[in-house]
Amino acid sequence: MSPDYPEAVVGAAGHIDHGKSTLITALTGIDPDRLAEEKRRGMTIDLGFAHLRLPSGREVGIVDVPGHARFIRNMLAGVHGLDAVILVVAADEGVRPQTREHLEIVDLLEVRRGVVALTKVDLVDAEWLEMVTSEVATALEETSLAGARIIPVSAVERRGLDDLTAALDGVLAAAEPKNDVGRPRLPIDRAFTMSGFGTVVTGTLVDGSLSVGQELEVVPDGRIVRVRGLQHHNRKVEVAHPGSRVAVNIAGAEKHEVQRGDVLAPPGSLPATRRVDARVRVLADAPRGLRHGAELTLHTGTAEVGARAIVLEGDAIAPGAEGWVQLYLDRATAATAGDRFILRIPSPSVTLAGGRFADVAPRKHPRHDAAVRASLERRAAGNVLQEELRKYPRGVSVAALLKATLSAEADVDSLDARRSGEWIWAREHWTALAQKAGDELATYHAAHPLRAGMAREELRSRAGVQPAAFPAFLRGLQEDGVVVERGTEVAQPAHQVALEAEDGPAGMLMEQLAGNPFAPPSLAEAMQTSGASSEMVRALERRGDLVRLSDDVAFTREAYANAVALVKEMVAASGSVTVAQLRDRMGASRRPVLALLEYMDAQRVTRRVGDARVLR
């Protein structure tokens with residue numbers, strides 16, 4: 001097939017007994033009614049499938065949906081991924097209830113391309129045909145199929161079939177090419193077993209291609225399967241492209257382990273959800289509005305799931321009106337932002353509304369919150385990545401953000417955001433966090449002016465940054481000039497430890513330690529006599545004015561340097577030095593000498609060999 005004519009999927013919809021299956025058989029030579037009961041009862045019960053090649057060369061897959069009201073749930077499973085629709089109306093009956101409901105569903109799903117096949121024209125005269133044509137045109141008004149061509153046909157006499165295929169070719173010529181974003185999804189509409197092959201599933205492929213041998217996940221079950229084979233229109237293929245009807249022979253799952261409503265997707269690419277935000281439009285002739293707290297049935301893709309509606313503004317969305325809702329789903333379901341859906345009242349069963357998902361991983365929203373609705377409006381307008389980022393006030397990894405939005409790496413560069421390494425924050429969140437970090441440091445410096453800074457972990461906790469993001473956050477703060485690192489501590493750049501004048505407690509402490517440099521008083525005694533605080537001692541130690549050898553022994557910087565020089569001299573002369581030898585040379589007691597040598601061991605200046613020390 002020429003690449004100028006990509007394949008397409010067309011749905012055939014309409015009231016029961018209006019001749020859909022007969023028309024499809026006449027067009028394609030394939031009877032879409034595959035079930036024995038369908039043939040016995042002469043009515044379509046479940047989805048049927050056929051295919052044909054149009055005059056242009058374009059291949060078209062056709063999905064025949066049931067026309068009876070009792071099987072509307074099956075009909076809804078077949079309208080996913082349609083490029084166009086053939087609305088079938090019998091000329092001898094005209095527009096009937098299921099004609100209108102199918103048309104409402106097509107309109108809610110915004111299928112904008114289609115033609116009307118006015119069947120059984122061999123049973124009516126010209127005047128009646130004109131009247132029915134006018135009735136159908138009126139029914140199409142104010143719907144997505146307004147202005148669609150109405151083609152009189154007779155499958156029995158094969159009248160009008162060429163006109164119908166030509167009209168279908170024309171509307172499909174205007175169809176947009178199918179996007180291949182590299183994340184294929186196959187909503188399963190049928191699962192069965194073939195002798196000699198095993199489990200086979202079928203569906204309309206979107207958003208990417210599948211290939212033989214590819215590993216896939218069954219969502220929401222999580223089961224991993226492998227593609228053993230692919231068929232497109234009963235032909236084996238190595239690759240199936242988006243927009244095509246495809247049968248997939250899978251290994252790794254039995255028939256009872258996959259079902260209609262499941263989705264095949266690359267592992268980890270399509271999370272399941274129990275909550276979605278959506279824009280909803282209620283049918284103008286709906287029996288009632290969409291009420292807050294209403295229990296409904298959600299149809300999306302090929303899935304059907306119970307849902308409770310949380311109306312985000314007001315207590316209901318009136319017939320003919322639109323609004324934002326958050327839907328709580330009865331079970332986990334695969335969904336993607338932008339997917340369309342239908343909402344039905346379960347009893348009595350009737351279509352109520354339809355819409356499009358805006359966010360498939362939202363937080364729980366307060367009702368009547370204008371900021372929430374404004375964010376959803378921006379998301380619906382196309383700012384998906386930016387609005388997703390705003391959901392993470394403490395930051396998010398770039399990989400997680402891209403996965404949540406199915407965006408490309410390049411899209412991150414366009415965000416109003418602050419990125420640091422592999423983490424990213426919305427600009428307003430980064431500004432708030434940076435301000436919080438700066439304020440906390442200022443408060444800390446005021447409370448502890450003699451400390452060089454705050455411990456890293458304490459700053460992380462006070463600023464409210466998640467552990468995994470903190471290294472990137474801290475790097476960003478340093479780049480922005482908000483903080484500096486001083487060893488294991490963090491400070492504002494302008495913060496300096498300022499000790500009082502030399503005649504103050506700190507100066508008096510240093511005088512006492514320097515009075516007898518190798519045999520100073522105990523640190524506790526010197527602090528008590530001078531009035532120096534533990535904060536002052538730490539500040540003097542960080543500044544290098546004193547060296548704390550143990551909890552209760554401290555030397556001045558000069559005394560420590562002289563002591564180290566003395567040890568090196570003694571070792572150089574005799575090969576080693578003992579505590580007793582050093583004690584005698586220093587004229588000190590055992591306590592400070594032992595503290596000195598143990599400190600030098602810890603600093604890897606010396607090492608102990610028996611009772612002596614040698615240089616490292």
Side-chain angles (χ1 to χ4, degrees), residues 11 13-18 35 37-38 41 43-47 65-80 95-109 139 143 187-189 220 259-262 272-312 314-335 339-357 367:
H15 193 79
I16 186 174
D17 287 335
H18 278 206
L35 303 178
E37 186 178 359
E38 290 177 316
R41 298 172 63 179
M43 63 183 292
T44 300
I45 296 173
D46 203 352
L47 301 177
V65 303
H68 197 287
R70 287 174 54 198
F71 306 116
I72 194 72
R73 59 191 297 185
N74 292 340
M75 178 268 178
L76 283 161
V79 292
H80 157 75
V95 176
R96 302 292 291 159
Q98 289 312 119
T99 309
R100 296 191 184 278
E101 183 162 27
H102 283 199
L103 187 55
E104 288 172 343
I105 290 169
V106 167
D107 181 53
L108 289 172
L109 294 174
T143 76
I188 296 171
D189 52 38
Q259 59 186 333
R260 176 177 291 175
D262 289 343
T273 183
R274 291 286 302 273
R275 184 164 57 207
V276 295
D277 287 341
R279 184 72 175 176
V280 167
R281 174 166 62 92
V282 181
L283 289 171
D285 59 354
R288 63 171 187 251
L290 196 166
R291 303 167 184 165
H292 173 66
E295 299 290 341
L296 303 167
T297 303
L298 169 76
H299 296 267
T300 181
T302 59
E304 173 186 349
V305 59
R308 183 165 64 92
I310 306 301
V311 179
L312 297 181
D315 293 323
I317 302 173
E322 295 187 21
W324 288 103
V325 298
Q326 186 163 84
L327 299 173
Y328 286 77
L329 310 185
D330 288 351
R331 56 180 171 79
T333 304
D339 285 354
R340 301 206 63 85
F341 63 89
I342 297 294
L343 290 173
R344 305 192 81 231
I345 300 170
S347 182
S349 183
V350 62
T351 301
L352 177 68
R356 188 187 295 270
F357 297 142
R367 296 186 62 210

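Reckoned from all heavy atoms, side chains included, excluding hydrogens, waters and symmetry mates. Bear in mind the structure is a predicted one, so any value in this text is a computation, not a measurement.
Between atom CG of residue Leu109 and atom CZ of residue Arg356 there is a gap of 10.0 Å, rounded to the nearest 0.5 Å. For the atom pair CD1 of Ile342 and CG of Leu283, the computed distance is 7.5 Å after rounding to the nearest 0.5 Å. Arg279 contributes atom CZ, which lies 15.5 Å from atom CZ of Phe357 (distance to the nearest 0.5 angstrom). The distance from atom CG of Asp339 to atom OG1 of Thr333, rounded to the nearest 0.5 Å, is 11.5 Å.
Between Arg281 and Asp107, at least one side-chain N (NZ, or NE/NH1/NH2) sits under 4.0 Å from a carboxylate O, which counts as a salt bridge.
Minimum heavy-atom separation, Pro220 to Ala272: CB-CB, 3.6 Å. Closest of all the heavy-atom pairs between Ala139 and Val95 is CB-CG2, 4.1 Å. Closest approach of His15 to Thr99, counting heavy atoms only: CB-OG1, 3.5 Å. Here the shortest heavy-atom pairing between Leu352 and Ala286 reads CD1-CB, 3.8 Å. Contact detail for Leu290 and Ala353: the closest heavy-atom pair is CD1-CB, 4.3 Å. Heavy atoms only, all atoms of each residue included: Leu329 and Leu298 are closest at CD2-CD2, 3.7 Å.
Without hydrogens or angle criteria, His292 side chain to Val311 main chain gives a donor-acceptor distance under 3.5 Å. A donor-acceptor distance shorter than 3.5 angstrom exists from the side chain of Arg274 to the backbone of Asp330, with no hydrogens or angles considered. When atom types are taken as modelled, the side chain of Thr273 and the backbone of Arg275 share a donor-acceptor pair closer than 3.5 angstrom. With His102 contributing its side chain and Gly14 its backbone, the two residues share a donor-acceptor pair below 3.5 Å. Arg344 contributes no side-chain N or O that, together with a main-chain N or O of Leu296, makes up a donor-acceptor pair within less than 3.5 Å.
No side-chain heavy atom of Glu322 sits under 4.5 Å from any side-chain heavy atom of Val280. Two residues are said to be in side-chain contact when any heavy atoms from C-beta on lie closer than 4.5 Å; Ile345 and Arg288 meet this criterion. Side-chain contact between Thr297 and Glu304 is present, with heavy atoms from C-beta onward closer than 4.5 Å. Between Thr143 and Val106 there is no side-chain heavy-atom pair separated by less than 4.5 Å. A 4.5 Å side-chain heavy-atom check between Ile310 and Tyr328 finds at least one atom pair inside the cut-off. Using a 4.5 Å heavy-atom cutoff, the side chains of Leu108 and Leu343 are not in contact.
Inspection of the Glu101 and Thr351 side chains reveals an N or O donor paired with an N or O acceptor under 3.5 Å.
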Please report the C-alpha distance between Arg367 and Asp315 in whole Å, then the side-chain angles of each, then the deciding distance to 0.1 Å, and finally whether the salt bridge (charged side-chain N to carboxylate O under 4.0 Å, His left out) criterion is met. CA-CA 10 Å; Arg367 296 186 62 210; Asp315 293 323; 3.5 Å; yes
